[in-house]
Amino acid sequence: MLHTKAHIKRLISRALEKLVSQNILPESALEREIHIGEPKFKDHGDLSTSLCLQMAKEARSNPRQLAQRLVDAMELPDSMLASVEIAGPGFINFRLSDKALHDGLRRIVRAGDGWGRFESRGVKVNLEFVSANPTGPLHIGHGRGAAVGDALARIMRAAGYDVTTEYYLNDAGRQVRLLTESLWARYTEVVREQYPEIEVAALPEDGYQGAYVTDMARDFARQYGPDMARSGSPDRDLLRAFALRWATDMIMSTLSDMNVKFDVVYSEKKLHDDGKVAHALSVLRERGLLYEQDGAVYFRSTEFGDEKDRVVIRSTGEHTYFASDIAYHLDKLERGFDVLIDIWGADHHGYVPRVKAALEALGHDPDRFQVLLVQFVSLVRAGEKVSMGKRSGNFVTLQDLMDTVGGDVARWFFISKTHDVALDFDLEKGMSEDPRENPARYAQYGHARAASILRRWSEDLGRSLPDPDGVDLSRLELPEEQELIKMMMRLPEVVKSSAEKRNPHVVAAYLVDMVRLFQSYYTQYKNDPVLPRASSDPASWNWAKSEARIVWVNAFRTVTRNALTLLGLPAPDYMKAPENESDETPNEKN
RNA sequence: GGGCGUAUAGCUCAGUUGGAUAGAGCGUCGGCCUCCGGAGCCGAAGGCCGCAGGUUCGAAUCCUGCUACGCCCA
């Protein structure tokens, strides 16, 4: 549809130029951006513009009259347009010709997997998300960030951005020391089951209580044996490295169940070891933006719009997380990224101004740093919110959730709504228990259905996929068929809009709308099927119509698959009926 | 007290960047399986777009002020 919109814009701007040269319109008419929209009502045509309503004042004319002059000045008839009408207060409505639809359909088939993908625009984007501390299991809020981030990466890549996804691993701070001590304590407990005489190390006061630390300790004991515990002297480097690797593996495995992977895992420790933190602070110091007070070192972030100055080095000599974050974001820019996008939980929103302040202080445009704040996810059980504090005992991990409902269902749930609205996940209704209420399955089902038709065409009837250039597409006469073509033609601009809004739910909403059109067609025209019935006589069958419809079904399948892929969801060719399966999630790769 | 976000059908949410008559799903009610996959489809009921002003040809959308909820910071 971008293609046809551009075509209409050219027609209009040529007409405007003509009117300006005849002194009917002022020069300023050429500067206005021409916006072509899709009207809500079908009787208003396929595309429309309110340009004349907007221009009426400066043109000193009433909108309808202006519209009439504009239409008269357009080079019509045009092969892409079946009609051009002036309507209402001064809208110009365009109806697409059959040729425009057929060209569009052919373009989709020709593009295949490339439909909805744009040429590179040469913009390097760093997209950082999740970045949870490697000290325990992910919670459900992390899941939302992960799903949104991964889908956004796919969509922005399709829109032509050069995207690198990144996980910032906080492996340097106090939390990791605590995890190390917690592992040591649990390890001694585990070993004491065999060697009752040894002394158990106490769990630190703020240590990690979760049962997973004991699992970790058992793995440690299995790998390194009981000697360290028996000796009573911990090898902290070894324990730390083991704990980090174990926790990171656990996190990545959970993410992988949701089909989320990262291009880069960036270590905070390495940031320090490579001197990046010292580097960033020295740049700030050179610029006179650091000062000392009560033994701590402050950054003058108030000079850049923050509400108060922030500590970068504590009186103990330790760097704050903020100091690492400054260095990290500076490093991203120095690695050549044009745009930095971070996905954070909404509770961190207060952190945004200080990071922007730091980047500005370091001489960069703060608008290159963008933060997507993702609102909270709460769990609901029996109509009541479930408290999810780690201490409350009914902490539900992301892994638990996916084990219950399946990775792609969880993923769909997270991206199907805009990120700036709080979500309730109802455990009791549980999307897995009634897949009919599940739009992800609905979309996949549409794909499987189309795949099934194509399969019967090639396998049962022994025919090959027709070349769209050799098929008479005018056999697609039903209004539903034409509506679906227009819908499919919209994918590229949906991708563009979703990427620009930084919001994957745009693609999700589009996908469901498109599949609904197909399902509606499918059920309504069961007595006028795509394929010949077994009972019918092949000689009397309208093969030309079947061929046109097969091209159309194939295009639908392609566009559906492309949209599912953009969201990181599988596009299965077969799906099992839910009645026969308990809660197993189909996960076929096409 | 300051800041960020949200407010649209009984419930969960869309709303193409200010356009024409407000859109889905779930739930409710009523229909559709000799038929390419019923995980489906068709129809009906359901609305003061939180409230009050403002901007203009035109507002769910933009501006101001309230109210309620969530979250940050004091």
Side-chain angles (χ1 to χ4, degrees), chain A residues 1 5 35-41 43-45 47-54 56-57 62-64 87-91 93 307-308 344-353 371 373-376 378 380 383 385 413 416-426 429 434-446 448-457 460-461 490 493-494 496-498 500-501 505-506 508-510 512-513 515-516 518-536 546 549-550 553 573-581 586:
Chain A
M1 211 55 101
K5 282 184 179 175
H35 185 256
I36 310 287
E38 285 152 50
K40 254 177 278 184
F41 302 95
D43 13 319
H44 295 154
L47 294 170
S48 89
T49 182
S50 58
L51 185 71
C52 298
L53 287 141
Q54 294 163 33
K57 193 176 277 180
N62 83 59
R64 280 197 71 106
F91 293 96
N93 294 335
E307 55 189 15
K308 64 180 191 184
W344 293 353
D347 52 337
H348 287 89
H349 81 267
Y351 212 73
V352 178
V371 180
L373 294 172
V374 177
Q375 296 290 327
F376 270 33
S378 26
V380 174
K385 292 216 169 175
F413 180 72
S416 60
K417 314 229 158 110
T418 176
H419 56 78
D420 48 23
V421 73
L423 277 184
D424 287 340
F425 206 131
D426 194 319
K429 282 185 189 166
D434 192 352
R436 265 160 288 216
E437 295 177 14
N438 181 342
R441 289 278 178 274
Y442 178 81
Q444 292 176 324
Y445 182 65
R449 208 170 222 183
S452 166
I453 294 173
L454 297 170
R455 196 161 52 233
R456 295 180 64 101
W457 175 261
D460 296 0
L461 300 172
R490 286 183 49 214
E493 62 195 276
V494 168
K496 193 159 168 264
S497 154
S498 184
E500 279 165 7
K501 288 180 179 168
H505 102 276
V506 173
Y510 163 80
V512 171
D513 282 349
V515 172
R516 189 170 291 123
F518 180 73
Q519 299 285 37
S520 171
Y521 158 85
Y522 182 92
T523 319
Q524 272 187 76
Y525 294 99
K526 282 208 159 179
N527 54 0
D528 180 16
V530 175
L531 306 175
R533 291 192 189 152
S535 57
S536 69
S546 275
R549 286 179 169 178
I550 282 294
V553 169
D573 284 351
Y574 303 86
M575 286 180 86
K576 295 171 204 157
E579 288 82 14
N580 306 336
E581 298 294 325

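Keep in mind that the numbers below use all heavy atoms, side chains included, and drop hydrogens, waters and symmetry copies. Just so we're on the same page: letters track the sequence lines, and every chain starts at 1.
Going from the C1' atom of U8(B) to that of C13(B) covers 9 Å, rounded to whole Å. For U17(B) and C62(B), the C1' atoms lie 11 Å apart once the distance is rounded to whole Å. For the P atom pair drawn from G50(B) and A9(B), the interatomic distance equals 8 Å after rounding to whole Å. Between G58(B) and C41(B), the distance separating the two C1' atoms is 38 Å to the nearest Å. The gap from the P atom of G18(B) to that of C72(B) amounts to 32 Å, rounded to the nearest Å. Here the separation of C26(B) from C63(B), taken at their P atoms, is 35 Å to the nearest Å. Here, A52(B) and U61(B) have their P atoms 13 Å apart, quoted to the whole Å. As rounded to the nearest Å, A24(B) and A20(B) have P atoms that lie 15 Å from one another.
With 3.5 Å as the limit, one finds no donor-acceptor pair spanning the side chains of Arg516(A) and Gln519(A).
One interatomic measurement links the two molecules: CD of Glu500(A) to P of U16(B), which rounds to 14 Å at whole-angstrom precision. Atom OH of Tyr510(A) is separated from atom P of G15(B) by 16 Å (rounded to the nearest Å). Rounded to an integer number of Å, the gap from CG of Asp347(A) to P of U6(B) is 16 Å. Taking atom CG of residue Leu53(A) and atom P of nucleotide G19(B), one finds them 11 Å apart after rounding to whole Å. Atom OH of Tyr442(A) is separated from atom P of G38(B) by 13 Å (rounded to the nearest Å). Look at OH on Tyr521(A): it is 15 Å from C1' on G37(B), rounded to the nearest Å.
Mapping Leu531(A) and Ala422(A) onto RNA chain B via the closest heavy atom, the residue that lands nearer the 5' end is Ala422(A). Map Ser497(A) and His419(A) each onto its nearest nucleotide of RNA chain B; the residue landing nearer the 5' end is His419(A).
Of the nucleotides present, C29(B) is the one that pairs with G43(B) by Watson-Crick or G-U wobble criteria, both distances under 3.5 Å. In this entry G37(B) has no Watson-Crick or G-U wobble partner, no candidate having both defining distances under 3.5 Å. With both pairing distances under 3.5 Å, G23(B) is matched to C13(B) as a Watson-Crick or G-U wobble pair. Under the Watson-Crick or G-U wobble criterion, with both distances below 3.5 Å, A59(B) has no partner in any strand shown. C71(B): Watson-Crick or G-U partner is G3(B), with both key distances under 3.5 Å. If you check C51(B) for Watson-Crick or wobble pairing at under 3.5 angstrom, you find it paired to G65(B).
The shortest distance between the side-chain N/O atoms of Lys417(A) and the OP1/OP2 oxygens of C13(B) is not below 4.0 Å. For the OP1/OP2 pair of C42(B) and a distance below 4.0 Å, the side-chain nitrogens and oxygens of Ser520(A) include at least one atom meeting the criterion. Proximity of Lys496(A) to the phosphate of U16(B): no side-chain N or O atom is located under 4.0 Å from OP1 or OP2. Here Lys57(A) reaches the OP1 or OP2 of C57(B): one of its side-chain N or O atoms lies under 4.0 Å away.
Of the listed nucleotides (G38(B), C36(B), C42(B)), C36(B) has the atom at the smallest distance from the side chain of Ser452(A). Comparing G40(B), G23(B), G15(B) by their closest approach to the side chain of Phe41(A) singles out G23(B). When the nucleotides G37(B), C36(B), G38(B) are ranked by their closest atom to the side chain of Met575(A), G37(B) comes out on top. Set against A22(B), G70(B), U12(B), the side chain of Gln375(A) has G70(B) as its closest nucleotide. Nearest to the side-chain atoms of Tyr522(A) among the listed nucleotides A20(B), C36(B), G25(B) stands C36(B). Of all nucleotides listed (G5(B), U17(B), A20(B)), U17(B) comes nearest to the side chain of Lys501(A). Of the candidate nucleotides G5(B), A20(B), C57(B), G5(B) has the atom lying nearest to any side-chain atom of Asp420(A). Considering only side-chain atoms of Arg516(A), the nucleotide from A24(B), C36(B), A20(B) that sits closest is A24(B). Of the candidate nucleotides C72(B), C4(B), G23(B), C4(B) has the atom lying nearest to any side-chain atom of Leu373(A). Nearest to the side chain of His35(A), among U17(B), U21(B), G19(B), sits U17(B).
Among the protein residues, Glu307(A) comes within range of the sugar-phosphate backbone only, with heavy atoms under 4.0 Å from sugar or phosphate atoms but none that close to a base. In this structure, His505(A) reaches the sugar-phosphate backbone alone: every heavy-atom distance under 4.0 Å involves primed, P, OP1 or OP2 atoms, never a base. Using a 4.0 Å heavy-atom criterion, one finds that Gln519(A) contacts the sugar-phosphate atoms exclusively. At the heavy-atom level, Lys526(A) lies under 4.0 Å from base atoms of the strands shown. At the heavy-atom level, Thr418(A) lies under 4.0 Å from the strands shown only through sugar-phosphate atoms. No engagement by Asp528(A) is indicated, since no non-hydrogen atom pair under 4.0 Å with the nucleic acid exists.
For U17(B), the base adopts the syn conformation, since its glycosidic angle falls within 90 degrees of zero. Taking syn as a glycosidic angle within 90° of 0, C33(B) qualifies as syn.
Judged by distance alone, the side chain of His419(A) and the main-chain N or O of Leu373(A) form a donor-acceptor pair under 3.5 Å.
A donor-acceptor contact under 3.5 Å links the side chain of Asn93(A) to the base of A20(B). For a distance-only test at 3.5 Å, the side chain of His349(A) fails to qualify as a donor-acceptor partner of the base of G5(B).
Judged by a 6.0 Å distance limit and a 45° cone about the ring axis, Arg455(A) is positioned over the six-membered ring of Tyr574(A). Tyr522(A) carries Arg449(A) over the face of its six-membered ring, with the cationic atom under 6.0 Å from the centre and within 45° of the normal.
An aromatic stacking contact links Phe91(A) with the base of A20(B), defined here by ring centres under 5.5 Å apart and ring planes under 30° from parallel.
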